[in-house]
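Note that the numbering runs from 1 along the sequence shown for the chain.
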Amino acid sequence: MRLLRAFFAGNLSVRHDLEVLFSDNHLLVVAKPAGVPAVPDETGDESLFDIAKEWVRREFAKEGDVFLGIVHRLDRPVSGVMVFARTSKSASRLSEQFRTRMAHKTYWGVGEGEPRARSGALSQWLVKDESTNRVRVVERPSAIAKQAITRWRVLECRAGRTLYELTPETGRPHQLRVAAASLGTPLLGDLKYGASAPLPDKSIALHAVALEFEHPTLKERLKFSAPTPDQPAWDFALTQRPS
């Protein structure tokens, strides 16, 4: 299949505080800022989903309620590429791609310190405590432990920090945050998993830099990417320029 690339710099439109990377009758691809909940939650704060629905309503002069399907999520303090479905058929097909790992996600993260190796793969069994919204690693599988597989490599080290590329092969809660902490390099700002200090905007240094999936109707591979946030935590030579 032909691979279509739509990069942030040439495909960005900003309307109603929404950074739109791509839209058609089936998809809406956006860049989520850190600190905004991906979907409505118990805080009642305006979510990216709410903002995106309003953008679709205004952009396409829709009357009444607007359909927008949620097919994946990013944690509130995480930034990067997200896709919403604009039809129920697209939502079903995209959800299946995320479920079966046909959709490929690539993240960059900045860890405190430096790991002992330059690349590798982590296979971990994770248990989430819903009361504290925290995940812990256990030694063996159980009825509540879920396997998490994360591939990682070092892109750059500078001033006691490490810029990682992180590729999840599973989709467990907080998987990449736990993986970075397990390497002895908790993500900057991630107090929940061992960071030494918060970041000024309360984000964590984890960014969904690229997302690749098959268009739900055209059956062509699409790839979208977004630059890292303009924050001191991301002050590396490679950041801002995803490939």
Side-chain angles (χ1 to χ4, degrees), residues 32 34 37-39 41 69-85 91-155 162-195 203-214 216 221 223-225 242:
K32 176 189 174 299
V39 299
D41 62 17
I70 299 166
V71 297
H72 72 126
R73 308 180 186 207
L74 294 175
D75 290 346
R76 181 169 185 152
V78 176
S79 57
V81 184
M82 278 190 65
V83 60
F84 293 103
S92 176
R93 291 177 177 176
L94 286 171
S95 294
E96 181 66 8
Q97 289 188 53
F98 280 95
R99 188 186 70 80
T100 60
R101 307 302 162 200
M102 284 182 62
H104 297 155
K105 297 178 285 185
T106 303
Y107 293 77
W108 283 356
V110 182
E112 296 183 1
E114 298 181 12
R116 290 189 293 270
R118 299 292 296 183
S119 64
L122 282 175
S123 178
Q124 301 177 295
W125 294 95
L126 305 182
V127 174
K128 183 176 182 181
D129 185 337
E130 297 292 345
S131 64
T132 62
N133 191 32
R134 195 178 189 281
V135 172
R136 59 187 174 89
V137 180
V138 296
E139 293 184 356
R140 56 182 62 88
S142 69
I144 60 173
K146 304 295 184 182
Q147 188 178 29
I149 300 174
T150 303
R151 296 194 178 276
W152 61 275
R153 67 186 181 103
V154 173
L155 298 177
T162 298
L163 176 64
Y164 286 109
E165 180 180 86
L166 302 162
T167 306
E169 294 193 359
T170 53
R172 309 304 182 197
H174 298 187
Q175 173 178 332
L176 302 183
R177 300 165 65 176
V178 173
S182 297
L183 293 171
T185 54
L187 297 174
L188 298 184
D190 197 0
L191 301 180
K192 185 170 289 188
Y193 295 105
S203 69
I204 61 176
L206 183 62
H207 179 74
V209 71
L211 177 62
E212 183 180 335
F213 55 89
E214 184 180 275
R221 294 295 290 183
K223 184 175 182 179
F224 301 93
S225 57

Please tell me if the side chains of [X] and [Y] come closer than 4.5 Å, counting only heavy atoms from C-beta onward.
X: Thr185; Y: Glu114; answer: no
X: Leu206; Y: Leu166; answer: yes
X: Val71; Y: Val83; answer: yes
X: Lys105; Y: Glu212; answer: no

Partners of [X] by side chain to side chain donor-acceptor pair (under 3.5 Å), sequence neighbours excluded?
X: Tyr107; result: none
X: Lys128; result: Asn133
X: Thr100; result: none
X: Arg99; result: Glu96

Look only at the side chain of [X] and the backbone of [Y], and say whether a donor-acceptor pair between them is shorter than 3.5 Å.
X: His104; Y: Leu211; result: no
X: Thr167; Y: Thr106; result: no
X: Gln175; Y: Ile149; result: yes

Only counting residues at least two apart or in another chain, list the ones meeting salt bridge (Lys or Arg N to Asp or Glu O under 4.0 Å) with [X].
X: Asp41; result: Arg76
X: Glu112; result: none
X: Arg151; result: Glu169

**Closest non-hydrogen atom pair, Ser79 against Ala34** = CB-N, 3.7 Å
**Item:** Nearest non-hydrogen partners of Gly194 and Pro186, listed with the distance
**Value:**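 Looks like O-CG, 3.5 Å.
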**Prompt:** When you check the gap from the basic side-chain N to the acidic O, do Glu165 and Arg153 get nearer than 4.0 Å?
**Reply:**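 So Glu165 pairs with Arg153 through a salt bridge.
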Measure the [atom1]-[atom2] distance between [X] and [Y] for me, rounded to the nearest 0.5 Å.
X: Leu188; Y: Ile204; atom1: CG; atom2: CD1; value: 10.0 Å
X: Leu163; Y: His207; atom1: CG; atom2: NE2; value: 11.0 Å
X: Leu122; Y: Thr150; atom1: CG; atom2: OG1; value: 6.0 Å
X: Thr162; Y: Leu155; atom1: OG1; atom2: CG; value: 10.0 Å

**Prompt:** What side chain to side chain donor-acceptor pair (under 3.5 Å) pairs are there with at least one residue in residues 117-127, not counting sequence neighbours?
**Reply:**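 Listed by first then second residue: Ser123-Gln147, Gln124-Ser182.
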**Item:** Listed once per pair and sorted, the salt bridge (Lys or Arg N to Asp or Glu O under 4.0 Å) pairs that draw on residues 134-146, sequence neighbours left out
**Value:** none
**Request:** Can you tell me which residue pairs pass the salt bridge (Lys or Arg N to Asp or Glu O under 4.0 Å) test with a partner in residues 171-187, sequence neighbours excluded?
**Result:**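 Output for this query lists Asp75-Arg177, Arg177-Asp190.
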**Message:** Run the ring-ring contact (aromatic ring centres under 6.0 Å, His included) test against Tyr164 and tell me which residues pass, sequence neighbours left out.
**Reply:** Trp152
**Non-neighbouring partners of Ala103 that pass side chain to side chain contact (heavy atoms under 4.5 Å, CB included), sequence neighbours left out** =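 Result, side chain to side chain contact (heavy atoms under 4.5 Å, CB included) vs Ala103: Gln97, Phe98, Phe213.
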